[in-house]
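So the structure is just underneath, and the comments pick up after that.
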Amino acid sequence: MQMPEPSARIIGLKSQLVERFRAVLPADAVISDLAETRAYECDGLAAYKCPPLLAVLPASTQEVSEVLKICHEMGVPVVPRGSGTSLAGGAMPTADSVILGVARLNQVLETSYEDRLIRVQSGRTNLSVTGAVEANGFFYAPDPSSQLACAIAGNIAMNSGGAHCLKYGVTTNNLMGVTMVMMDGTVTEIGGGHLDAGGLDLLGVICGSEGQLGVVTEATLRILAKPEGARPILMGFDSAEVAGQCVSDIIKAGVLPVAIEYMDKLCIEVCEAHAQAGYPLCEALLIVEVEGSPAEIDEQLALIKDIANRHNPVELREARDADEAGRIWLGRKSAFGAMGQVNDYMCLDGTVPVSKLPEVLRRIGELSRAYGLDVGNVFHAGDGNMHPLILYNANKPGDLETCEALGADILKLCVDVGGCLTGEHGVGIEKRDLMRVQYSPEDLEAQMRIKDIFDPNWLLNPAKVFPLDASAPRRDAA
């Protein structure tokens, strides 16, 4: 589809911005050519695209402050962007917005093994935080599936988790402090290298706020000593409901694995064809990993195997060495990429009580058949954070709309059983119109009032999180 020609006002505004940005940033940090800005027209939710007005890549907190001062003065919307791996459209630009990318903010600023913390610039990738400390026996716990690419900035924005969040928590449980730049360019420090900050828990408000309140440029993160050892076990079952019940029984038994991951038959088949990890071709598969000393691992796995055997698994395989452990995880770590090679898909992110997993898996199957679209389920079963992958044909008229309708019903189901719309992907544009399913008008008003305080002109990450009709009076007034 041919994009409409930009108006004279937009052309003039763009020219002014380029001139002002180049006065405070290196020339190669200002990206204004249309062909180059297309690299920023979408994030991981690639079904929707819109080139921004332009993009900037500051390399310091001071440069971020200068950019925001200019945009605030000129009334230009700003979309903060980490690595662009958001699956909810969290970094989706608008045509009149400036993308503020933090990719050049990638340095380690401080490390204290005594205090068990590391301070990094927010553009540093998740996995490279562990890479900076692992030689000294430490690691950073949150591990999203995109951890090789995703930035700490995005992890903070969406309160990301990962396979090991069952034991170690999500980003908010491992975030100690931030340096954040407000929309008017003011730099503020919240939290820091200590156990808890005095006063209101503003850090808890910022983590998960999806770039609505400010731009995080530095983060102080908790690092942990590596466990003595870890070992996964693979379990195959002949029905999704039985696998879901097994997860519920493991949690009820008081065992705390480091991870419990789930894959259904569709995902198993696709991942096995792609990664050849040696998975059994059954209806549902669980990967459960425990850690500790050899004696602790043996004790935990003995209890888990006893619970699994009550559910008549078709296969029960414990890793005997590092190679077997790696193969057990290989398919799961390849799941999203493998599915993307065979079909267009939309990845959801609803969370449900663990006890409701059997019911929800059954209902997702019923909804899949009713809508005529396949759904592959791969998710963090230990904390009920589900990631249904709805397969559709992007080139078939009406398929995307059917996919969205099915996704909405699945997320409504999550809320109906006592869960919530998102566990770690955020709301973005994907779930903004579903916010009323979970929140009353009074709840939404309270949340929007918080944004009013931090960003009174509503210039940060526009058209995200809140239903458009609910936020329209504020956006129009600004």
Side-chain angles (χ1 to χ4, degrees), residues 59-61 82-83 85 102-156 159-179 189-197 203 207 216-232 256-259 261 289-298 300 319 321-326 328-330 332-333 380 424:
S60 69
T61 297
S83 299
T85 59
V102 298
R104 294 185 178 182
L105 292 158
N106 57 17
Q107 300 301 305
V108 173
L109 304 173
E110 177 188 2
T111 304
S112 172
Y113 297 107
E114 182 178 9
D115 295 324
R116 299 195 173 194
L117 63 84
I118 184 170
R119 187 164 62 90
V120 300
Q121 290 183 307
S122 63
R124 193 169 182 90
T125 62
N126 176 287
L127 191 59
S128 72
V129 175
T130 289
V133 298
E134 61 183 348
N136 290 285
F138 283 79
F139 73 108
Y140 178 58
D143 59 339
S145 294
S146 58
Q147 66 179 150
L148 181 65
C150 66
I152 291 298
N155 291 177
I156 293 170
N159 193 19
S160 302
H164 292 87
C165 68
L166 174 60
K167 181 172 183 178
Y168 294 115
V170 293
T171 299
T172 191
N173 305 112
N174 295 274
L175 178 66
M176 302 174 70
V178 298
T179 299
E189 303 279 347
I190 299 171
H194 44 275
L195 198 60
D196 193 15
L203 195 61
C207 188
V216 173
T217 59
E218 299 175 11
T220 301
L221 308 171
R222 191 184 314 279
I223 55 175
L224 302 172
K226 283 185 178 180
E228 192 172 338
R231 195 184 314 159
L256 185 60
V258 69
E261 296 293 295
E289 183 170 274
V290 299
E291 62 184 21
S293 67
E296 289 174 320
I297 290 173
D298 288 342
Q300 292 178 79
D321 53 37
D323 181 65
E324 288 191 359
I328 284 176
W329 277 109
L330 178 62
R332 172 61 184 91
K333 290 291 187 179
H380 314 310
E424 59 178 344

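Start at 1 with the first residue, then count along the sequence.
Rounded to the nearest 0.5 Å, atoms CD (Glu218) and OG1 (Thr61) are 4.0 Å apart. Within the model, atoms CG of Leu127 and SG of Cys150 stand 9.0 Å from one another, a figure rounded to the nearest 0.5 Å. With values rounded to the nearest 0.5 angstrom, Ile223 atom CD1 is found 9.5 Å from Met176 atom CE. Considering CZ of Arg222 and CG of Leu117, their distance stands at 9.0 Å, rounded to 0.5 Å. Note that OG of Ser83 and CG of Asn155 are 8.5 Å apart. Values are rounded to the nearest 0.5 Å. Separating the OG1 atom in Thr171 from the CG atom in Asn126 is a distance of 7.5 Å, to the nearest 0.5 Å.
Looking at Glu424, its side chain never comes within 3.5 Å of a backbone N or O of Ser160 through a donor-acceptor pair. Counting only distance, with no hydrogens or angles, the side chain of Asp298 and the backbone of Ala295 share no donor-acceptor pair below 3.5 Å. The main-chain N or O of Gln121 is never found under 3.5 Å from a side-chain atom of Gln107 such that the two would form a donor-acceptor pair. With hydrogens and angles ignored, the 3.5 Å screen pairs a side-chain donor or acceptor of Ser122 with a backbone N or O of Val216.
Annotation: side chain of Leu256 is not in contact with side chain of Gln300 (no heavy-atom distance under 4.5 Å). Side-chain contact check for Val178 versus Leu203: some heavy-atom pair is nearer than 4.5 Å. By the 4.5 Å heavy-atom criterion applied to side chains, Leu166 and His380 are not counted as neighbours.
For Glu189, there are no salt bridge (charged side-chain N to carboxylate O under 4.0 Å, His left out) partners, not counting sequence neighbours. Remark: Thr220 engages no residue in a side chain to side chain donor-acceptor pair (under 3.5 Å) (not counting sequence neighbours). For Glu289, there are no salt bridge (charged side-chain N to carboxylate O under 4.0 Å, His left out) partners two or more places apart in sequence or in a different chain. Under the side chain to side chain donor-acceptor pair (under 3.5 Å) criterion, Asn174 pairs with no residue, sequence neighbours left out. Looking at residues two or more places apart in sequence or on another chain, you find no side chain to side chain donor-acceptor pair (under 3.5 Å) involving Asn159. Taking Ser293 as the reference, Glu296 meet the side chain to side chain donor-acceptor pair (under 3.5 Å) condition, with sequence neighbours excluded. In this structure Ala219 satisfies the side-chain contact (heavy atoms from CB on, under 4.5 Å) test together with Ile152, Ile156, Leu175, Leu221, sequence neighbours excluded. Every residue meeting the salt bridge (charged side-chain N to carboxylate O under 4.0 Å, His left out) condition with Glu324, not counting sequence neighbours, appears here in chain and number order: Arg320. Partners of Arg332 according to the salt bridge (charged side-chain N to carboxylate O under 4.0 Å, His left out) rule, which considers only residues two or more places apart in sequence or in another chain, are Glu261.
Nearest heavy-atom pair, Ala163 versus Ala259, reported as atom, atom and distance to 0.1 Å: O-CB, 3.1 Å. Contact detail for Asn106 and Arg124: the closest heavy-atom pair is O-NH1, 2.9 Å.
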Passes side chain to side chain contact (heavy atoms under 4.5 Å, CB included), Lys333 versus Asp143? Steps please.
CA-CA 11 Å; Lys333 290 291 187 179; Asp143 59 339; 4.2 Å; yes
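Residue pairs meeting the salt bridge (Lys or Arg N to Asp or Glu O under 4.0 Å) criterion with at least one member in residues 106-116, sequence neighbours excluded, are Glu110-Arg119.
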Hey, can you pull the donor-acceptor pairs under 3.5 Å for the side chains in residues 130-140, sequence neighbours left out?
unit_1: Thr130; atom_1: OG1; unit_2: Tyr140; atom_2: N; d: 2.9
unit_1: Thr130; atom_1: OG1; unit_2: Tyr140; atom_2: O; d: 3.4
unit_1: Asn136; atom_1: ND2; unit_2: Tyr113; atom_2: OH; d: 2.9

